[in-house]
Amino acid sequence: MSDEEILTVVRDRCAGILKVHPSRVTLDARLREDLEADSLDLAELHVAMEDTWGPLPREALAGVRTIADVLARVRLFAGTRA
């Protein structure tokens with residue numbers, strides 16, 4: 001799966017979970033500051049990523065700040081399955 005395909009999935013999931021327009025979900029968008037995500041939203045995002053790519057370690061999204069961080073983590077932890 002290409003980075004663009006992963007980004008499309010991440011963008012769609014984030015937009016749905018955070019109830020924002022997909023155009024706001026850019027690589028440099030900060031989850032908490034720009035998209036107003038809280039810890040529950042991040043947990044829901046983790047579950048959504050597992051629904052797509054299978055089980056991910058609990059720490060898969062720990063410390064992510066931007067959508068680019070999420071993309072990198074998905075690539076790292078689910079890369080062999082993506």
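The first residue of the sequence shown is numbered 1, and numbering continues consecutively from there.
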* To do: Give a yes or no on whether the backbone of Leu56 and the side-chain of Glu50 come within a donor-acceptor separation of less than 3.5 Å.
  => yes

* Asked: Ignoring hydrogens and geometry, is there a side-chain-to-backbone donor-acceptor pair from Asp69 to Thr66 under 3.5 Å?
  -> yes

Nearest heavy atoms of [X] and [Y], plus distance in Å:
X	Y	result
Asp3	Leu71	O-CD1, 3.9 Å
Arg73	Ala62	NH1-O, 2.7 Å
Cys14	Ile67	SG-CD1, 3.8 Å
Ala60	Phe77	CA-CE1, 3.5 Å
Glu33	Arg65	OE2-NH2, 3.7 Å
Asp41	Glu36	OD2-O, 3.8 Å

* To do: Report yes if some heavy atom in the side chain of Leu45 is under 4.5 Å from a heavy atom in the side chain of Leu61; otherwise report no.
  => yes

* Check step by step if salt bridge (Lys or Arg N to Asp or Glu O under 4.0 Å) holds for Asp34 and Arg24. => CA-CA 8 Å; Asp34 300 329; Arg24 290 187 56 201; over 6 Å; no

* Thr52-Arg13 side chain donor-acceptor pair, cut-off 3.5 Å -> yes

* If two hydrophobic side chains count as joined below 4.5 Å and joins carry through other members, does Val74 share a cluster with Leu76? -> yes

* Shared ILVMFWY cluster between Leu27 and Leu42, side chains joined below 4.5 angstrom? -> yes

* Structure fact -> In this structure, NZ of Lys19 is separated from CG of Leu35 (nearest 0.5 Å) by 13.5 Å

